[in-house]
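Chain A is the first sequence line, chain B the second, and so forth, proteins listed ahead of strands; every chain is numbered from 1.
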Amino acid sequence: MKQFFEGSHAVAETIRLCKPGVISAYPITPQTHIVEDLAKIVADGRLNSQFVNVESEHSAASVVLGGVAAGVRSYTATSSQGLLLMAEVIFNIAGMRLPLVLTCANRSVSAPINIWNDQQDSVSLRDAGWIQLYAENIQEAVDFHIIGYRIAEDKSMMLPVMVCMDGFILTHGIETVDMPTQEQVDKFLPPYKALYKLDVDDPVTLGALVDPESYMETRFAIHKTHEEALSLIPKIAADFSKSFGRTYNGLIEKYRLDDADRVIVAMGSVCGTIKDVIDELRSKGKKVGLLKVTSYRPFPAAAICDALKDVSKVAVLEKALSLGALMPLATEIKSAFFGRKKSPKVISSFVAGLGGRDITKQSVKDVFRLLTAKELDGEFIDLKPELLKENYE
Amino acid sequence: MSDMHFNSGHTACSGCGQSLGARLVLEAAGKNTIIANNTGCLEVFSTKYPQSSWGVPWIHSLFENAAAVASGIESALKYLGKKDSVNVIAQAGDGGTADIGLQALSGMLERGHDILYVCYDNEAYMNTGIQRSGLTPFDSNTTTSPPGSHSMGNIRPKKPMPEIALAHGIPYVATASVAFVKDLQRKVKKAISIKGPKYIQIHVPCPLGWRHQPNLTVPVSRAAIECGLYPIIEYEFGKLIAVQRIRQKPVEEYLKLQGRFKHLMKNPDEIKKIQDIADNNIEKYGLRLESQ
Ligand SMILES: Cc1ncc(C[n+]2csc(CCOP(=O)(O)OP(=O)(O)O)c2C)c(N)n1
Ligand SMILES: [Mg+2]
């Protein structure tokens with residue numbers, strides 16, 4: 001049934017439908033509404049779950065690590081500094097092959113402290129071994145959590161999934177959402193059956209010391225699984241479409257790409273704004289399009305190359321940096337095309353929306369305007385040069 | 001896997017007090033136990049892949065989070081309706097307990113989880129090569145508290161971990177020693193019979209770090225207790241219900257057994273300071289045998 005939902009509320013209701021037995025989180029803006037809603041859902045008896053109020057994000061991640069290691073579906077959510085404080089545990093969860101789902105309410109990273117949206121937090125943890133899915137809107141945020149548990153708990157995966165949703169824009173925004181029913185979710189997402197767990201009737205040792213004889217194989221195995229995820233994610237997404245009637249590819253989405261000669265590549269909620277601009281420009285006869293990257297990890301290099309190979313100019317627009325280097329998403333897209341016969345003539349890279357600066361339709365139009373034969377590396381959109389004047393007096 | 005819950009064949013140093021302590025704890029707790037272990041010597045010497053000494057479900061995640069991981073396990077067991085039949089133990093070294101893991105431990109104690117937390121106190125970061133921790137004793141020579149022309153070693157006395165645990169209002173807090181096996185195992189059994197968070201801190205000598213003969217592990221720990229430097233105490237529901245009374249021996253008897261205090265041997269002023277610590281303990285907990 002379609003209803004108006006605040007993004008956080010919709011996610012909390014979705015998590016209720018996924019029935020985690022252990023929930024643990026620590027408050028941080030803009031993630032708070034999700035866990036507050038879940039606390040109330042549990043307090044009202046609408047979900048049978050252990051809600052563990054911890055003293056830090058490090059412990060929140062550790063609690064859900066313990067919960068899922070004991071064989072129970074578990075859930076946590078965080079943002080920004082919280083995700084960074086979890087970082088050690090985040091790597092650990094993937095290394096231990098524990099299938100968690102975490103919501104990252106994307107927020108900038110301090111300093112300077114800033115509570116607004118960009119994607120620096122989750123992008124900084126791209127190498128941790130988690131699958132990362134970026135939602136464009138609240139409906140996707142809802143659906144990706146359900147899909148996320150299915151992917152994570154698939155016996156061929158056993159990897160954690162981070163569902164990234166732009167802070168405030170999606171967590172506090174209100175949209176109509178088609179909220180799945182419990183029956184639909186139950187049918188799509190069977191109860192979690194652990195491949196290995198802490199069980200006194202069948203004792204195992206988890207988290208052993210692994211020396212140079214075997215360590216590399218454990219890392220290789222995760223890498224390999226990510227490769228396999230590239231084919232599994234679209235399969236699970238297709239399965240989802242059958243039950244829920246909403247179609248996703250799970251890796252990428254092509255928007256008006258067919259004859260496009262100028263295309264923006266982006267992740268998350270900005271794709272909505274880009275689509276509006278594209279519709280506007282298309283009505284004026286401009287051949288523009290969008291390639292939305294849904295799965296940042298695994299990185300769908302082949303699918304991206306295939307989608308963009310006939311496009312002449314590509315703009316990669318991102319909300320995160322790799323300070324001191326080329327922009328993270330642009331780097332990967334360029335490297336994906338290296339050595340390929342068919343590739344865009346220009347791949348320009350743009351940064352916008354850091355620390356919550358609005359990416360307006362005009363910002364997107366500026367990107368298209370700057371997407372010319374001259375390739376740009378890390379062009380900042382809507383930068384205020386007047387704030388950059390230095391004065392050491 | 002043999003019937004033992006903590007099996008031999010691991011790579012601990014000879015005379016390792018912690019391996020002895022861990023075996024005694026698990027023997028007392030029994031097979032229906034799940035363990036979460038911090039990083040440290042115990043984790044390293046007992047689980048070198050593909051072997052493991054553990055005959056019970058055991059998990060190691062990180063250096064500072066065993067208390068939180070155990071909280072998650074306990075919550076999962078509650079969710080499954082299995083908590084009453086399974087003991088959850090979180091265990092760590094002194095560094096993993098008193099320093100980097102203190103926050104997670106405090107959270108676990110405050111939340112009231114039904115978990116026994118065991119601190120194996122070998123009084124330094126042994127796994128990384130004998131650096132000082134918050135539980136390293138006063139004047140002890142470690143690699144990061146070396147004596148020199150401007151220092152006599154570790155500048156502070158031990159952090160009062162049992163009191164810190166106690167201040168959380170938890171139902172059971174005790175100290176124990178590998179030199180007193182029956183007492184140690186009785187305390188573990190008692191702790192797991194009580195619902196809620198429990199804290200036991202066990203004195204476990206480290207021959208390598210303390211620089212004593214490997215065959216002196218038990219006598220060294222016994223000497224610490226007999227001179228009053230390691231009070232053996234037991235609190236139930238906030239009340240001190242038992243202490244191990246001693247015929248007090250001078251602290252030199254303990255210090256002289258170990259290389260980590262060698263630099264004090266010709267320095268009566270420093271030894272006096274350590275004697276004061278022991279005397280204070282004896283006073284504070286009423287450790288003196290009446291008959292003396
Ligand atoms: C976050 C982090 N910091 C530092 C280390 C390095 N480290 C591993 S074990 C250890 C010392 C452990 O000391 P303790 O808890 O007393 O246990 P012991 O080895 O003495 O039994 C240190 C410093 C680590 N693994 N993780
Ligand atoms: Mg130690």
Side-chain angles (χ1 to χ4, degrees), chain A residues 19-24 26 47-74 76 86 88-93 95-96 98 100 192 194 196-211 213-215 217-218, chain B residues 1 5 11 30-37 39 43-80 82-83 85-88 90 100-101 103-111 113 115:
Chain A
K19 299 179 182 166
V22 177
I23 300 171
S24 184
Y26 191 83
L47 171 65
N48 171 24
S49 186
Q50 297 289 315
F51 188 93
V52 187
N53 277 307
V54 282
E55 79 302 330
S56 73
E57 284 88 354
H58 198 285
S59 284
S62 302
V63 164
V64 293
L65 183 160
V68 70
V72 172
R73 183 176 291 155
S74 302
T76 188
M86 279 184 184
E88 193 195 19
V89 194
I90 291 291
F91 276 78
N92 205 248
I93 288 165
M96 293 176 83
L98 295 172
L100 275 170
Y192 174 48
Y196 32 80
K197 63 176 175 190
L198 299 164
D199 176 1
V200 290
D201 295 325
D202 184 15
V204 289
T205 289
L206 300 179
L209 173 76
V210 174
D211 71 6
E213 281 297 318
S214 323
Y215 179 86
E217 285 68 23
T218 69
Chain B
M1 193 71 61
H5 309 317
T11 60
K31 78 180 247 301
N32 285 333
T33 300
I34 299 177
I35 295 180
N37 209 132
T39 309
E43 161 262 327
V44 167
F45 71 65
S46 66
T47 69
K48 189 169 161 286
Y49 181 83
Q51 292 176 324
S52 170
S53 288
W54 301 95
V56 297
W58 181 97
I59 185 170
H60 158 254
S61 165
L62 295 162
F63 185 17
E64 64 280 55
N65 68 351
V69 171
S71 301
I73 295 166
E74 185 250 20
S75 301
L77 292 171
K78 269 195 201 145
Y79 172 76
L80 296 168
K82 289 186 180 168
K83 180 61 202 76
S85 57
V86 180
N87 312 308
V88 179
I100 197 165
Q103 176 179 321
L105 169 59
S106 175
M108 180 206 111
L109 298 179
E110 174 251 327
R111 287 189 300 269
H113 293 281
I115 296 172

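Surrounding CD of E213(A) are at most 12 heavy atoms belonging to other residues, nucleotides or ligands under 6.0 Å away. By the 6.0 Å contact criterion, OH on Y49(B) is open, its count of non-hydrogen atoms from other residues, nucleotides or ligands being 12 or less. Within a 6.0 Å sphere centred on OH of Y215(A), heavy atoms belonging to other residues, nucleotides or ligands number 12 at most.
Residue contact with chain B, scored on non-hydrogen atoms closer than 4.5 Å, involves the backbone and the side chain of S56(A) alike. With a threshold of 4.5 angstrom between heavy atoms, V89(A) approaches chain B through its backbone and through its side chain. Interface remark: T33(B) contributes backbone atoms only to the contact with chain A (heavy atom separation under 4.5 Å). Contacts of A36(B) with chain A are absent, with no heavy-atom separation under 4.5 Å from either backbone or side chain. Interface residue V204(A): only backbone heavy atoms are found under 4.5 Å from chain B. Contact annotation for N48(A): both backbone and side-chain heavy atoms come within less than 4.5 Å of a heavy atom of chain B. Heavy atoms of L65(A) lying under 4.5 Å from chain B belong exclusively to its side chain. For N53(A), the part lying near chain B is the backbone, with the side chain staying farther off; criterion is any non-hydrogen pair under 4.5 Å. With a 4.5 Å cut-off on non-hydrogen atoms, V56(B) touches chain A through its backbone but not through its side chain.
In terms of heavy-atom proximity, T11(B) sits nearest to V44(B) at OG1-O, 4.4 Å. In this structure, A60(A) and M86(A) approach most closely via the heavy-atom pair CB-CE, 4.2 Å.
Formation of a donor-acceptor pair under 3.5 Å by the T47(B) side chain with backbone atoms of S52(B) is not found in this model.
Of the residues considered (E64(B), K78(B), E43(B)), E64(B) shows the highest number of contacts with chain A, using heavy-atom pairs under 4.5 Å. Interface summary for chain A: among G107(B), S75(B), P50(B), the most heavy-atom pairs under 4.5 angstrom belong to S75(B). Listed options Q103(B), K48(B), E110(B) were ranked by heavy-atom pairs under 4.5 angstrom with chain A; first place goes to Q103(B).
Here D201(A) contributes atom CG and K82(B) contributes atom NZ; the two are 7.0 Å apart, rounded to the nearest 0.5 Å.
With a 4.5 Å cut-off on side-chain heavy atoms, V200(A) and P57(B) count as touching.
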